[in-house]
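Numbered from 1 within each chain, the chains take letters A, B, ... in sequence-line order. The analysis underlying the following values was restricted to heavy atoms, covering all of them including side chains, and did not include hydrogens, waters or symmetry mates.
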Amino acid sequence: MRIVILACVALGLCGSGLYMVKRSVDARYKELKQLEYTITTAEDRAAILAAEWAYLSRPDRIISLSSSLLSMRPIEPDRILPLDAIPLRRPAPARPQTEGDSND
Amino acid sequence: MTNWKTKLLRSIWPDRPLPSRTRIIAQNRLVLAGIVAGLCFVGISAKAVHLATNLDNKNSVRGNYKQVQQRGPILDRRGRLMAQTVPIMVLHADPKKVMDQHEVAEKLAPLLGKKSQQDILNALSRKGRYIELARKITPQRHADILALGLPGIYISPSETRLYPQGAEAAHLLGTMDIDGKGIAGIEKQFDERLRAGNPVALSIDLGVQAVVRRELQHQIEQFDALGGAGLVLDVRTGEILSLTSLPDYNANQYSSADADAQFNRATKGVFEMGSIFKVLNSAIALETGVASLGSSYDVSKPLRVARFRIRDYHPYNRPLNLSEILVYSSNIGSARIAEDIGAAAQKAFMDRLGLLKRPALELPEISKPLIPRQWERIASMTISYGHGLSVSPVQAAGAIAAASGHGFYIEPTLLRRAPTDTFEKSRIFSEDTVRKVRSMMRLAVSHEDGTVNFANAPGYMVGGKTGTAEKVTDKGYNRKANLVSVVASFPIHDPAYLIFIMVDEPKPQKHSYGYATAGWVAAPAIARIVTQIAPMMGIHPVDKDSPEIRQNLEPNIVIGTEGAIRASY
């Protein structure tokens with residue numbers, strides 16, 4: 001008889017456990033759907049924004065904007081130098097050795 | 001009852017078994033029924049577990065939720081957007097469900113802007129259950145229309161293809177039909193790839209593209225021309241950085257563009273290219289060894305070949321050497337060189353330079369070249385200065401890139417190449433030959449008697465060659481209608497890019513002193529393009545007299561009667 005009672009309790013526990021798992025799966029599934037929807041709308045918005053950015057930054061527009069708003073022109077060739085042509089730092093002048101300088 | 005009848009009856013309806021056996025039989029039957037029921041339950045549970053664990057299963061409700069793949073974008077070489085699919089809202093109607101057409105028309109018309117009440121009524125009286133009233137509904141309109149509460153009027157999501165660059169590279173991008181299938185340009189060529197959601201990265205650089213288009217447009221307007229084509233090619237990889245055909249159209253409104261604007265002159269049009277072919281002629285002469293830089297040719301009298309007369313724009317009374325023939329652009333000289341090369345050798349070179357077959361460019365809009373039926377002495381003489389063989393600008397650029405670049409022929413491509421990509425390149429001209437050809441092209445720009453002086457962009461070492469070809473009409477050549485072009489390579493001591501500019505039927509102008517030749521029409525665009533794109537592409541200006549540059553150019557070229565021009569590169 002005790003075995004029957006134990007089995008009933010175990011069955012009850014299993015049943016409620018299963019029910020809870022089922023509920024949590026449903027909740028997560030809902031969450032997943034919500035996330036998928038958010039991702040899709042975000043992707044759509046990103047696509048629109050990317051297209052708008054490309055439209056606003058199209059070279060044709062930049063050229064006409066810069067020519068009307070900025071006084072910039074193509075750089076004269078004599079104003080461009082390769083990086084190597086610029087001496088970045090003067091070679092340090094040789095310092096006279098004093099006694100205190102030595103580490104040994 | 002006979003015996004066999006009893007037996008048969010027994011087998012169908014056996015006697016009641018003995019009471020002692022009945023219990024055993026019943027037990028066996030119960031066990032059997034239990035096993036069958038158990039197996040059924042096991043089967044059902046197994047299936048349930050299988051469905052619950054395999055979410056991607058097509059039969060499960062939860063699986064297979066993914067939408068249709070969105071069409072992939074088209075990008076330039078630096079990842080800038082050239083075509084993008086974006087979601088839109090479409091307003092449509094089902095006439096069978098519309099209760100009062102007049103009411104619908106009256107209420108919708110003010111919200112739809114361009115459409116009048118009559119337009120909507122006409123649309124609603126059409127047959128079918130799906131009638132599109134408007135695309136690209138804004139969220140505000142969407143809400144307003146829903147608030148009207150009209151039966152039979154629906155708003156549903158759809159998508160549209162946007163070309164944010166407008167007319168830039170419109171010919172290249174092409175377009176799609178109403179069902180989202182590519183029907184022209186890259187959209188058609190890479191339809192499957194784009195449909196699968198994959199991006200296509202082109203070799204085009206939008207910055208270079210915009211500069212070329214602008215400068216070409218400027219020259220076309222200045223000379224009241226019909227149109228033109230422009231091309232920038234990376235001579236080391238064969239990548240096309242810019243491909244322009246004018247007149248063009250807004251890529252978002254392909255269907256409203258006229259046929260002339262839709263026509264891609266840079267790939268679909270084939271033209272007799274004129275004197276820019278002399279670059280190839282000189283290179284072939286040097287490569288085959290039939291001539292050297294000092295070989296001189298008599299150009300004093302027009303050549304009579306069969307019914308043709310080959311003449312020069314400026315007659316010269318003295319023999320010209322190979323370099324002078326290119327720098328001054330002498331037809332007679334070129335024809336004489338071609339005679340020495342021979343038709344068969346010339347044809348073989350042209351074939352290896354990709355001029356005799358349909359190019360393998362990644363566009364549906366490409367044409368086969370027009371090749372003379374008989375490639376003999378006469379044909380070879382006219383082809384030497386670009387008449388008698390019609391090719392598309394992209395083919396001409398590819399071939400001349402070999403002769404004025406590093407001696408390799410590389411099939412031009414519209415797809416971006418990674419630095420690690422390997423591609424086919426075949427050596428056509430030796431280093432020595434191309435160095436001489438480049439030096440001559442530099443002199444055509446830098447020497448005061450050269451034809452391309454206006455292409456000079458100080459510091460960038462431009463080398464080039466002009467071409468002016470009379471257009472072919474039904475009645476032969478039309479002297480009034482010219483097709484002018486310039487091909488240029490820079491920096492000429494170590495070429496990186498080749499620029500090709502072609503202008504269709506420029507008219508002589510006062511500001512050009514009545515000239516409408518390539519040197520006046522196309523060359524100035526080259527200089528302006530070079531000064532603008534060189535900084536973009538990381539090419540630094542150099543001192544043309546520095547020894548590193550001098551050693552890459554031929555020291556002993558004689559132009560004019562005053563001796564070697566060592567100092568004038």
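Interface summary for chain A: among B:Gln532, B:Gln84, B:His540, B:Glu168, the most heavy-atom pairs under 4.5 angstrom belong to B:Gln84.
At a 4.5 Å heavy-atom cutoff, the contact between B:Leu81 and chain A is made by backbone and side-chain atoms alike. When heavy atoms are compared at a cutoff of 4.5 Å, B:Tyr460 approaches chain A solely by way of its side chain, counted from C-beta outward. Using a 4.5 Å cut-off between heavy atoms, B:Arg528 does not touch chain A at all.
Using a distance-only test at 3.5 Å, with no hydrogens or angles considered, a donor-acceptor pair links the side chain of B:Arg442 to the main chain of B:Val462.
Salt-bridge annotation for A:Arg28 and A:Glu31: absent, with no side-chain N of the basic residue lying under 4.0 Å from a carboxylate O of the acidic one. Using a cut-off of 4.0 Å between Lys/Arg side-chain N and Asp/Glu carboxylate O, B:Asp205 and B:Arg80 are scored as salt-bridged. Of the charged side-chain nitrogens involved, at least one lies within less than 4.0 Å of a carboxylate oxygen, so that A:Lys22 and A:Asp26 count as a salt-bridged pair. Between B:Arg71 and B:Glu159 no salt bridge is recorded (no basic side-chain N to carboxylate O distance below 4.0 Å).
Remark: B:Arg141 engages no residue in a salt bridge (charged side-chain N to carboxylate O under 4.0 Å, His left out) (not counting sequence neighbours).
Residues from residues 43-55 of chain A that place a non-hydrogen atom less than 4.5 Å from a non-hydrogen atom of chain B comprise A:Asp44, A:Ala47, A:Ile48, A:Ala50, A:Ala51, A:Ala54, A:Tyr55, given in numerical order.
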Step-by-step side-chain contact (heavy atoms from CB on, under 4.5 Å) determination, B:Arg213 to B:Asp248: CA-CA 10 Å; B:Arg213 176 164 173 269; B:Asp248 56 9; 2.7 Å; yes
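A distance of 10.5 Å separates CD1 in B:Ile526 from OG in B:Ser489, rounded to the nearest 0.5 Å.
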